[in-house]
Amino acid sequence: MIEKYNPPEIEEKWQSRWQETRLYATSEDSDRPKLYELTMFPYTSGDLHIGHWYAMAPADVHARFMRMKGYNVLHPMGFDAFGLPAENAAIDRGIHPYTWTMKNVENMRRQFRSMGAMYDWSREVVTCLPDYYQWTQWLFLKLYEAGLAYRAKAPANWCSGCQTVLANEQVTAEGRCERCAAAVIKRDLEQWFFRITRYADELMQHEGLDWPERVKTMQRNWVGRSEGADISFSIEEYGLDEKEIRVFTTRPDTVYGVTFMVLAPEHPLVEKLTSPEYKDRVDDYVNRARRRSEIERLSTERERTGLFIGAYATNRLNGEKVPIWIADYALLSYGTGAVMGVPAHDQRDFELAKEFGLPIKVVVAPDGWRGEDLEEAHEEPGTMVNSGPFDGLPSEKGKDAIVAFMEKDGCGKKAVSYRLRDWLISRQRYWGAPIPVVQCPRCGIVPVPEKDLPVLLPQDAEFRPTGESPLKYCESFVNTTCPACGEQAQRETDTMDTFMCSSWYFLRYASPQHSDGPFDPEKLKYWLPVDLYTGGVEHATMHLFYARFFIKALRDMGIVDFGEPFIRLFNQGKIILGRQKMSKSRGNVVSADEYASEFGADAVRAYLMFIGPWDHGGEWNDNGLVGIWRWLNRIWNLVLAEATGTLRLDQDEELCRTTHKTIKKVNEDLERFHFNTMLAALMEFSNYLARVKETSAVEGSPAWREAIDSLLLLLAPALPHLAEELWERTGHAYSIHHQPFPAWREELVAEEEFTLVIQINGKVRDKVSVPISISEDEARKLALSRGRIKAQLGDRRIVRVIYVAGRLVNIVVK
RNA sequence: GCCGGGGUGGCGGAAUGGCAGACGCGACGGACUUAAAAUCCGUUGAACCUUAAAGUUCGUGCGGGUUCGAGUCCCGCCCCCGGCACCA
């Protein structure tokens with residue numbers, strides 16, 4: 001009897017050995033081509049659950065595969081360690097965020113180790129440690145110097161749950177906080193922003209990137225570029241400093257159809273233009289709109305509200321005077337915060353006009369229009385009417401014609417508008433990297449000099465969520481001297497959005513201990529950009545978007561020499577349980593530890609890959625794991641049990657061919673991340689080998705030896721512990737993970753025979769095994785001579801015979 | 001509403017326009033066992049036909065089309081999942 005397969009024992013054994021021998025250490029001096037394969041690092045929540053394994057284990061398999069294929073692979077791991085949960089733990093349980101985070105890091109390192117991944121831990125980064133965030137601060141200063149960081153008062157997204165502001169990207173479509181799902185409201189606050197909008201056009205381009213189409217689409221939608229015109233309407237008669245209202249429109253061809261103006265309720269001109277008798281009502285409307293969260297705005301959808309403010313603007317193209325309204329469908333944050341009301345050709349304007357009895361003037365006639373009233377806005381192109389000199393033009397041409405005219409006249413010009421807003425990066429919380437600036441009463445905003453970095457987080461802050469940064473109440477932190485004039489000054493107390501930490505961590509892995517800068521330029525040049533990045537699709541318009549902005553900004557400052565951080569991107573699917581996404585807050589987390597300690601990490605890794613295509617995700621199901629567990633035991637026995645077969649091994653050739661066909665299949669599947677079919681092919685192969693071993697005396701057969709060695713090598717990326725153990729037990733030298741991946745020989749893959757399918761009218765009627773060299777004539781003759789076919793044909797007339805080499809003969813009859 | 005991705009046995013899923021359902025789970029039958037678990041062997045899309053051997057028909061969300069041949073390509077619809085959405 002052979003020993004039983006005992007994963008806890010062998011997995012622990014190899015994890016220790018790998019660590020002691022630094023098997024996975026990566027260096028830059030290698031003749032092999034470099035390959036940087038990165039998996040998104042986890043937040044330090046404290047536990048790696050099955051969802052993390054699903055993201056990381058298959059990525060590890062691919063990285064191992066590429067290493068065996070001869071690449072010098074960098075496959076690092078680290079921790080995204082700043083963020084609110086740490087601070088909430090401090091508030092709820094009185095644990096310092098640092099203590100809480102580092103304890104979690106400790107536990108997660110242990111869990112990572114038990115997964116058996118090939119991470120080079122000497123390159124680990126932890127974003128909350130000063131030797132990391134010092135460089136996050138340094139990068140902030142660089143962006144500030146480049147004019148890409150600025151402070152401004154603006155309506156910001158305020159999350160009442162997190163008691164801090166959020167970037168637009170962190171607010172869901174329902175107007176809720178991306179993290180805590182609390183309602184988000186608008187608040188006017190002084191905040192720090194990054195000018196990501198400067199890169200709007202470039203961020204829409206994905207040239208040279210091998211990224212999923214949907215992520216590129218999401219990013220393009222997020223930027224939301226619209227081409228049109230800025231048009232000004234005169235308000236000269238009110239004697240204000242502002243002589244005009246500027247609107248952005250994508251439909252300059254409809255400017256003759258303007259019958260009113262709409263200002264966003266928060267628009268600065270509202271107060272100045274409102275006539276006294278409307279003031280109370282307008283104030284009331286504005287206040288209600290301001291207080292309303294995005295959710296409420298959406299829930300009142302379709303019910304058009306608006307209010308005339310008692311003022312008029314003049315359409316400079318036709319001299320018409322139109323009333324000025326406010327309505328909350330005009331958004332201050334988009335375009336100029338003002339809209340020209342063209343009810344005939346914009347559905348929202350149409351609804352407002354209907355609701356309040358405003359005139360509807362058709363200027364782009366639908367086909368066959370006879371002057372009748374419209375049932376709804378006609379938004380499609382048509383022929384221009386009621387448009388003075390432009391009548392009769394197709395409206396698509398009219399756009400350019402009117403813009404050209406306005407540019408000459410000075411009342412409008414071609415313009416582009418974006419949905420994208422600048423990235424709001426300040427947070428009123430403790431557990432983040434402090435923004436390295438000082439507010440001096442004399443000098444204003446003064447950046448902290450590089451030599452004074454890091455600006456350390458004080459240990460002894462109070463973590464009460466007050467809506468202001470806890471740092472504000474920490475006098476030892478706040479009070480400082482101005483780096484410029486040396487007088488008393490105060491530090492900025494907001495901290496940075498944690499997405500800043502993750503916008504550059506992949507640069508740090510190249511030289512994580514480097515102390516003269518965020519990275520060693522030589523090493524960066526060697527490793528970057530990331531060749532393959534894997535992670536969840538949920539970061540399409542957040543992390544991935546910010547990281548691209550960062551790299552483009554650093555490129556323009558000459559700090560890096562590439563403009564895209566991630567060449568290839570692959571999004572794995574989500575693992576769900578009971579039809580729901582796994583998450584700590586839902587309490588439906590499946591702990592990987594338990595399964596790994598019972599069935600082994602190898603079984604869990606393999607099961608996750610076997611569920612289905614990696615980009616699909618799938619439901620966690622214990623039963624499936626059992627199937628893998630049985631298979632691993634069968635492999636164990638196949639390799640180690642004494643051979644009992646007695647027949648002479650006279651199928652060398654078939655054995656060889658099957659081996660090489662499997663090698664080919666596994667190589668091709670791993671290239672494409674088809675882990676599920678790779679495992680299926682290996683199951684077939686091991687089942688086949690078990691049948692051979694049962695009947696034949698395999699001992700001493702070179703073909704058998706090659707088959708078993710190949711099996712172990714092919715399994716090594718997916719089942720690193722089991723493969724290593726069996727490699728050792730079959731008398732090989734340490735380590736299997738330093739072996740080259742098996743390559744197939746094409747001449748050994750080629751079949752000598754194939755099954756010729758014979759169809760009548762496209763239906764399979766017979767099959768026959770024939771030599772691969774069969775000629776078309778022979779195949780046709782053979783097909784027609786088969787008894788079964790003759791019987792089927794009877795006396796029906798053969799119309800034609802289709803022959804597909806290597807596959808089939810199809811006899812078409814009447 | 002718009003943009004993606006899907007819909008295949010009891011389940012997860014395979015299938016360069018050419019044998020639909022690989023591989024695995026489950027189920028059923030059998031072997032081993034005092035018994036059970038574990039393990040091993042066999043059967044397993046549906047309907048029909050036959051004592052049996054074999055054979056026939058139907059079958060990849062629905063309806064059309066292209067083709068000698070369609071899960072795969074084209075047109076129209078239904079449903080599910082994800083994203084975006086008062087963006088002027």
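A note on names: the letters A, B, ... follow the listed sequences, proteins ahead of strands, and every chain is numbered from 1.
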Hey, are A:Arg672 and A:Glu668 close enough for a salt bridge, meaning a charged N less than 4.0 Å from a carboxylate O? no

Please report, rounded to the nearest Å, how far the P atom of B:rG10 is from the CG atom of A:Asn623. 18 Å

Measuring only the C1' atom in each nucleotide, how far is B:rU72 from B:rG65? A whole number of Å is fine. 15 Å

Does a salt bridge link A:Lys361 with A:Glu320, judged by any charged N lying under 4.0 Å from a carboxylate O? yes

Does a side-chain N-to-carboxylate-O contact under 4.0 Å join A:Glu746 and A:Lys664? yes

Classify the side chain of A:Arg807 versus the base of B:rC19 as yes if they form a donor-acceptor pair under 3.5 Å and no if they do not. no

Please check the phosphate of B:rA88 (OP1 and OP2 only) for any side-chain N or O of A:Ser226 closer than 4.0 Å. yes

Charged N to carboxylate O below 4.0 Å: is that the case for A:Glu351 and A:Arg304? yes

Please state how far atom CD in A:Glu213 lies from atom P in B:rG83, giving the value in whole angstrom units. 18 Å

Using only side-chain N and O atoms of A:Lys665, determine if any of them is under 4.0 Å from OP1 or OP2 of B:rA15. no

Counting only side-chain N and O atoms of A:Asn221, is one of them less than 4.0 Å from OP1 or OP2 of B:rC87? no

Find the distance A:Ile802:CD1 to B:rG69:P and express it as a whole number of Å. 9 Å

Considering heavy-atom distances to RNA chain B, does A:Val626 or A:Gly618 have its closest nucleotide positioned more toward the 5' end? A:Gly618

Give a yes/no answer on whether the side chain of A:Arg765 brings an N or O atom under 4.0 Å of OP1 or OP2 in B:rU56. yes

Check: B:rC68 base within 3.5 Å donor-acceptor of A:Asn810 side chain: yes

Spacing between A:His345 atom NE2 and B:rA88 atom P, to the nearest angstrom: 17 Å

The side chain of A:Thr217 lies closest to which of these nucleotides: B:rC3, B:rA20, B:rA88? B:rC3

Separation of A:Gln759 atom CD from B:rU67 atom C1', in whole Å? 13 Å

In terms of side-chain heavy atoms of A:Arg348, which of B:rA20, B:rC87, B:rC23 is nearest? B:rC87

Is A:Arg800 close enough to B:rC68 that one of its side-chain N or O atoms is under 4.0 Å from OP1 or OP2 there? yes

Taking atom C1' of B:rC2 as reference, at what distance in whole Å does atom CD of A:Glu380 sit? 14 Å

Gap in Å between the two P atoms, one belonging to B:rA20 and one to B:rU56, rounded: 12 Å

When the C1' atoms of B:rC86 and B:rC81 are compared, how many Å lie between them, rounded to an integer? 26 Å

Of all the choices, B:rA88, B:rC86, B:rG13, which nucleotide is nearest to the side chain of A:Asp328 once you look at every atom? B:rC86

When the C1' atoms of B:rG12 and B:rA22 are considered, how many whole Å apart are they? 13 Å

Taking A:Val364's backbone N and O only, do any of them form a donor-acceptor pair with A:His345's side chain (distance below 3.5 Å, no angle check)? yes

Syn or anti conformation of B:rG55, syn meaning chi within 90° of 0: anti

Check every atom of B:rC23, B:rG83, B:rG82 against the side chain of A:Arg214 and return the nucleotide holding the closest atom. B:rG82

Specify the residues of residues 627-635 of chain A, ordered by number, for which at least one heavy atom lies under 4.0 angstrom from an atom of RNA chain B. A:Gly627, A:Arg630, A:Arg634

Salt bridge check: are A:Glu379 and A:Arg251 linked by an N-O gap of less than 4.0 Å? no

Among the nucleotides B:rA54, B:rG18, B:rC87, which one has an atom lying closest to any side-chain atom of A:Arg788? B:rA54

Give a yes or no answer on whether the side chain of A:Gln219 reaches the backbone of A:Met204 with a donor-acceptor pair at less than 3.5 Å. no

Applying a 4.0 Å non-hydrogen cut-off, can you work out what A:Pro613 is touching in the nucleic acid: base, sugar-phosphate, or nothing? sugar-phosphate

Looking across every strand, which nucleic acid part, if any, lies under 4.0 Å from A:Val804 by heavy atom: base, sugar-phosphate, or nothing? base

Protein-nucleotide distance (A:Asn761, atom CG; B:rU67, atom P), rounded to Å: 15 Å

Would you indicate which nucleotide in B:rA88, B:rG12, B:rG13 comes nearest to any side-chain atom of A:Asp346? B:rA88

Look at all strands and tell whether A:Asn687 reaches a base, only sugar-phosphate, or nothing, counting heavy atoms closer than 4.0 Å. sugar-phosphate

Check the phosphate of B:rC3 against A:Arg220, side-chain N and O only, distance under 4.0 Å to OP1 or OP2. Yes or no? no

Closest to the side chain of A:Met683, out of B:rG18, B:rG24, B:rA54, is B:rG24

Under 4.0 Å, heavy atoms only, any strand: does A:Asp349 hit a base, just the sugar-phosphate, or nothing? nothing

Which is true for A:Thr336 with a 4.0 Å heavy-atom rule: it touches a base, it touches only sugar-phosphate, or it touches nothing? nothing

Starting the side chain at C-beta, find the nucleotide from B:rG4, B:rC68, B:rC23 nearest to A:Val812. B:rC68

With a 3.5 Å distance limit and no angle check, can you tell me whether A:Arg548 reaches the backbone of A:Leu203 through a side-chain donor-acceptor pair? yes

Nearest-nucleotide 5' precedence on RNA chain B, A:Phe248 against A:Leu679: A:Leu679

Between B:rC86, B:rA88, B:rG55, which nucleotide has the shortest distance from any of its atoms to the side chain of A:Arg304? B:rC86

For the residue pair A:Asn621 and A:Tyr607, confirm or rule out a side-chain donor-acceptor distance under 3.5 Å. no

Measure up the A:Phe675 and A:Phe673 rings against each other and bin them: parallel (under 30°), tilted (30 to 60°), perpendicular (over 60°). tilted

Which of these nucleotides, B:rG4, B:rG18, B:rA14, is closest to any side-chain atom of A:Leu808? B:rG18

Rounded to whole angstroms, how far apart are CZ on A:Phe599 and C1' on B:rC25? 14 Å

